[in-house]
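Let me begin by presenting the structure, written as structure tokens, before commenting on it.
All chains are named by letter (A, B, ...) in the order of the sequence lines, taking the proteins before the strands, and each is independently numbered beginning at 1.
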Amino acid sequence: MPDIAPRYTPTEIEEKRLKLWDEKKPFHAHAGAHTKGPYTIVIPPPNVTGVLHMGHALNNTLQDILIRYKRMQGFDALWMPGTDHAGIATQNVVEKQLVKEGLSREILGREKFMERLWDWKKHHGDTIINQLHKLGSSCDWDRTRFTMDDDYSHAVVEVFVTLYERGLIYQGSYIINWCPRCQTALADEEAEHKDAQGNLWHIKYPLKNDPSNFVVVATTRPETMLGDTAVAVNPKDERYTHLIGKTIVLPLINREITIIADDFVDREFGSGAVKVTPAHDPNDFAMGRRHNLEFINVMHPNGIMNHNAGSFNSLDRFEARQQIVKALEEQGLLLKIEPHSHAVRRCYRCDTIVEPYLSKQWFVKMKPLADKALKAFHDGDLRIQPKRWEKVYENWLVDIRDWCISRQIWWGHRIPVWYDEHGNHFVARSEVDAKAQAKARHGKDVMLKQDPDVLDTWFSSWLWPFATLGWPNTSADLKYFYPTATLFTAPEIIFFWVARMVMAGIEFMGEVPFKDVILHGTVRDAKGRKMSKSLGNAIDPLEIIKEYGADALRFSMILNSGQDIYISKEKFEIGRNFTNKLWNASRFVMMNLKSEAKIDDFSQIDLKNLDTASLWIISRYQTALTDVTKALEEFRYSDAENTLYEFFWATYCDWYLEMIKGRQDDINTQKTAYLVLKNTLKILHPFIPFVTEELFSYLDGKETLLTLEPWPLIETRYINTAAQSDIGTIVELLTAVRNVRAQWNIKPNEPVECVIITSESARACIKANEAMIQRLVKIAAIKYESSAEGIKNSATGVIGEIKFFIPLGTLIDVAKEKARISAEIAQMEKSASAIEGRLANEGFVQKAPTDVIEKERMRMQELKTSATALKKALECLV
RNA sequence: GGACCCGUAGCUCAGUUUGGUUAGAGCGCUUCCUUGACAUGGAAGAGGUCAGAGGUUCGAGUCCUCUCGGGUCCACCA
């Protein structure tokens with residue numbers, strides 16, 4: 001192996017690593033390869049239309065950290081990758097292309113259009129997968145699935161048919177959310193509420209028998225009045241009781257409608273009378289059913305008024321609105337226009353205002369599914385983090401409404417339903433099955449036509465955790481790797497995806513699809529705005545990778561992640577600087593490293609002859625490892641990185657490597673520096689996989705696939721414990737400094753660095769005064785042994801022994817130092833008297849718990865003695 | 001209209017669950033330093049009425065109420 005290159009070039013080494021990983025396939029998971037069992041996660045499948053954005057980068061980095069960690073722990077760690085066909089989104093993209101060519105899907109016809117879509121998928125659909133790959137995601141790439149793969153589609157059909165057979169899928173005419181631009185039905189979740197400034201138009205509806213009298217109705221959508229088939233009032237509303245049953249002549253088209261009474265009507269709102277348009281409003285639809293009203297549809301699916309609109313036929317719905325208002329005004333039927341802000345539903349894909357529209361669609365009956373998902377949650381089969389999202393999940397399931405799953409587009413899973421010429425439907429797994437059913441029904445072969453619609457995208461994604469493993473076929477993999485362990489995703493899709501996956505998992509696998517759901521924040525710019533292309537504030541992850549490296553991208557992002565993540569380009573310098581530091585420190589350790597120093601285990605270090613700084617770093621390393629492991633177990637990745645950043649940079653580099661300069665010939669020191677670095681690289685690997693593996697391979701002297709290396713063991717014997725105080729040690733320590741100065745001939749104003757090993761009892765006291773002592777004598781590190789046995793194992797075997805080495809050249813200003821210490825003494829005395837005051841307070845003594853009082857008393861004692869000791873210490877400074 | 005989250009140093013956040021040391025960290029900033037691992041570096045330092053008001057308490061960043069500011073999710077009053 002050649003030496004580590006003097007300069008760190010992320011792009012180069014990342015390419016090299018990716019190539020190696022593609023070749024060796026270390027991410028491939030075999031059922032039963034390891035004793036620890038399976039650990040599965042599935043990727044939230046990105047859309048095939050997508051290009052990598054920061055949200056993906058975050059989501060996938062989190063998953064990669066988890067799965068690499070689990071792999072190193074010895075699990076059969078499977079990360080299932082794949083993409084979603086994203087029905088409407090993808091169809092829109094291709095339709096836009098067609099427009100450029102002067103074509104449309106109607107011109108092309110279904111078959112040709114589908115070809116174009118598959119073509120598009122083939123050439124662009126894997127873009128995002130390649131980009132995730134670049135990020136270092138350790139997915140089992142050979143298993144990459146697509147929601148429209150043959151076997152996956154098979155699963156979708158199976159689910160549809162099974163649910164139908166279980167009575168959980170039905171067809172019906174209802175008011176659904178209709179996007180006039182995409183010309184398809186949308187689920188409730190796909191029609192987003194957005195506030196809009198509109199008007200409330202108050203319109204006079206004349207009575208038939210008394211045309212000079214009116215009922216006033218208010219509406220935000222005047223164009224729908226053409227489809228009115230009643231006016232409703234509250235039965236308890238005295239203003240109107242005499243009018244119930246009377247006839248009204250609907251203005252503009254002079255159709256006669258009746259005044260009905262319905263409890264739904266709010267007497268307080270508007271005029272207290274409501275126009276009823278059963279074909280264009282969900283409430284009115286319900287009223288229409290209750291009162292057997294006529295359903296008059298006044299619009300074409302594209303939002304253009306139809307023949308029922310009389311003279312407004314062929315106008316766009318918003319144009320019609322204006323014309324109608326104008327006409328009403330001219331006829332003196334417009335009472336007033338009131339500004340009114342309300343929420344309007346818009347298509348989540350194209351932002352077009354959604355029209356409540358009456359049509360025949362397929363629905364999933366959600367209540368029975370939701371109840372099971374709720375029960376699983378209440379039974380603790382499912383945990384959601386952060387906890388505040390639990391309620392969101394719960395509420396949605398409690399108030400759940402049926403799910404409209406048919407879409408009037410072509411890109412997607414065709415609904416497995418066939419119709420005969422009478423309109424009877426046959427739900428079947430295949431056309432052959434459907435034909436057989438029809439034959440049984442009619443006693444002869446009949447012509448069947450398949451439903452032209454396709455299924456909602458989420459009707460396939462909700463099967464993702466098990467359909468990717470081959471369901472409905474029972475494979476060994478499915479049995480072994482299901483259920484998955486943890487799901488990392490964005491809170492936006494709790495309803496769309498998470499809750500529905502839980503339902504499908506329980507319904508078809510009899511088990512929740514994952515134990516833990518971790519919902520992470522949104523990536524925002526420095527000003528807190530969502531990153532989006534349209535705002536122009538998006539930072540392209542690929543650009544960051546190119547400039548700083550994927551490791552830097554990953555590291556910076558996770559380090560920055562709080563609830564939401566605020567990112568600007570400069571933030572990525574932290575990651576770049578850190579990886580660069582890692583590189584240089586490794587170079588330093590490798591300089592003049594003897595080959596026998598290349599060890600794998602701490603037991604190969606002769607602790608008895610080890611310098612104290614090395615003992616200290618081993619202990620600090622063990623502490624860091626413990627903290628990081630704990631943080632990883634609790635999904636606190638930002639904390640884990642912080643610990644590592646601190647440990648490696650501030651502790652290992654700034655202190656330890658500086659301290660051992662000059663004694664690097666010592667084989668034990670070399671061993672320690674080497675092994676601690678090597679293990680730190682391991683611990684850092686899940687976070688920054690490229691640079692750690694590259695450096696590890698240099699250190700190891702051979703190509704190593706770090707993700708297959710075992711996670712380092714926590715060796716508690718190297719970890720120090722806390723204890724009580726022994727103020728004498730400080731005095732002893734400071735006196736010793738004087739002696740050492742004399743012995744080593746160091747000038748009085750020249751500070752020295754030292755590491756001490758001391759008894760457990762001195763810890764608290766030294767700890768409390770560490771800052772001051774460091775200034776005074778530069779205590780680099782303190783090693784504590786907590787028991788007699790520990791002391792026996794320690795390098796010196798002597799309690800309270802103080803070792804000094806490495807005089808520093810930096811001068812300090814003694815007078816300034818004295819002033820500082822005096823200030824500290826004053827501070828301590830102040831604190832002590834504050835506690836004294838508290839202890840003198842009757843209320844405190846009477847009401848505070850005794851252990852608190854005891855603690856306070858001890859603290860005051862400590863402060864007092866510390867202050868005394870420091871006063872003595874001042875005398876040391878000549 | 002309902003529910004939730006956030007407000008702590010110039011910036012990003014810990015700390016609040018269970019009230020009890022002198023409220024912490026990183027970045028940034030200031031000053032100084034560098035000829036051999038690293039200026040993508042090293043050392044030292046300044047910087048906070050814990051959004052505001054009131055309450056509970058011997059004691060509040062932490063618990064309660066309200067106000068202000070920022071954000072998110074849900075929602076069929078036309």
Interatomic distance at [atom1], [N] relative to [M], whole Å:
N     : M     : atom1 : value
B:U8  : B:A60 : C1'   : 14 Å
B:G54 : B:G59 : P     : 15 Å
B:U65 : B:C5  : P     : 12 Å
B:U49 : B:C11 : P     : 13 Å
B:A44 : B:U57 : C1'   : 42 Å
B:A9  : B:C68 : C1'   : 22 Å
B:G42 : B:U34 : C1'   : 8 Å
B:U16 : B:G24 : C1'   : 14 Å

To the nearest Å, give me how far apart [atom1] ([X]) and [atom2] ([N]) are.
X        : N     : atom1 : atom2 : result
A:His342 : B:C77 : NE2   : C1'   : 12 Å
A:Tyr393 : B:C4  : OH    : C1'   : 18 Å
A:Asn642 : B:C13 : CG    : P     : 13 Å
A:Asp281 : B:A75 : CG    : C1'   : 14 Å
A:Arg576 : B:G41 : CZ    : C1'   : 12 Å
A:Lys569 : B:U12 : NZ    : P     : 21 Å
A:Leu519 : B:C5  : CG    : P     : 15 Å
A:His340 : B:C77 : NE2   : C1'   : 8 Å

Query raised in the report: Below 6.0 angstrom between ring centroids: does that apply to A:Tyr393 and A:Phe495?
Result: no
Practice prompt. Give a yes or no on whether the ring-centroid distance for A:Tyr645 and A:Phe578 is below 6.0 angstrom.
Written response: yes
Searching all strands shown, indicate the nucleotide that pairs with [N] (Watson-Crick or G-U wobble; both distances under 3.5 Å).
N     : result
B:C38 : none
B:U65 : B:A53
B:C13 : B:G24
B:A75 : none
B:A43 : B:U31

By the 4.0 Å heavy-atom rule, please label [X] as base, sugar-phosphate, or nothing.
X        : result
A:Arg345 : sugar-phosphate
A:Asp564 : sugar-phosphate
A:Asp266 : base
A:Glu842 : nothing
A:Asn395 : nothing
A:Arg636 : nothing
A:Phe285 : nothing

To the nearest 0.5 Å, atom CG of A:Leu397 lies from atom CE of A:Met366 at 8.5 Å
When rounded to the nearest 0.5 Å, the distance separating CZ of A:Phe496 from OH of A:Tyr348 is 5.5 Å
- Taking N and O atoms by type only, does the side chain of A:Arg7 place a donor or acceptor under 3.5 Å from a partner on the base of B:U40? yes
- [ ] Please state whether the base of B:C38 and the side chain of A:Lys581 form at least one donor-acceptor pair under 3.5 Å?
- [x] yes
Where the side chain of [X] is defined as all heavy atoms beyond and including C-beta, which of [options] is the nearest nucleotide?
X        : options             : result
A:Ala848 : B:A3, B:G20, B:A37  : B:G20
A:Val392 : B:A75, B:U12, B:C73 : B:C73
A:Met591 : B:G20, B:A37, B:A78 : B:A37
A:Tyr566 : B:C58, B:C13, B:A78 : B:C13
A:Leu657 : B:A78, B:A3, B:A37  : B:A37
A:Arg388 : B:U12, B:C4, B:C73  : B:C4
A:Val274 : B:C74, B:A78, B:G26 : B:A78
A:Asp654 : B:A3, B:G42, B:G71  : B:G42

Does [X] make a side-chain N or O approach to OP1 or OP2 of [N] shorter than 4.0 Å?
X        : N     : value
A:Arg838 : B:U22 : yes
A:Asn577 : B:C38 : no
A:Tyr645 : B:A25 : no
A:Trp649 : B:G42 : yes

Taking for A:Trp389 and for A:Glu646 the nucleotide of RNA chain B with the nearest heavy atom, the one nearer the 5' end belongs to A:Glu646
The answer to which of A:Asp195 and A:Tyr8 contacts RNA chain B further toward the 5' end, by nearest nucleotide, is A:Tyr8
Inset, instruction - Please indicate whether A:Glu12 has more than 12 foreign heavy atoms, meaning atoms of other residues, nucleotides or ligands, lying under 6.0 Å from its CD. - result: no
Of all heavy-atom pairs linking A:Met225 and A:Leu328, the shortest is SD-CD1, 4.0 Å
Taking every heavy atom of A:Asp551 against every heavy atom of A:Val691, the minimum-distance pair comes out as OD2-N, 2.7 Å
Check: Thinking salt bridges, do A:Arg857 and A:Glu854 make one under a 4.0 Å N-O criterion?
Finding: yes
Which class fits the ring pair A:Tyr8 and A:Trp583: parallel under 30°, tilted 30 to 60°, perpendicular over 60°?
tilted
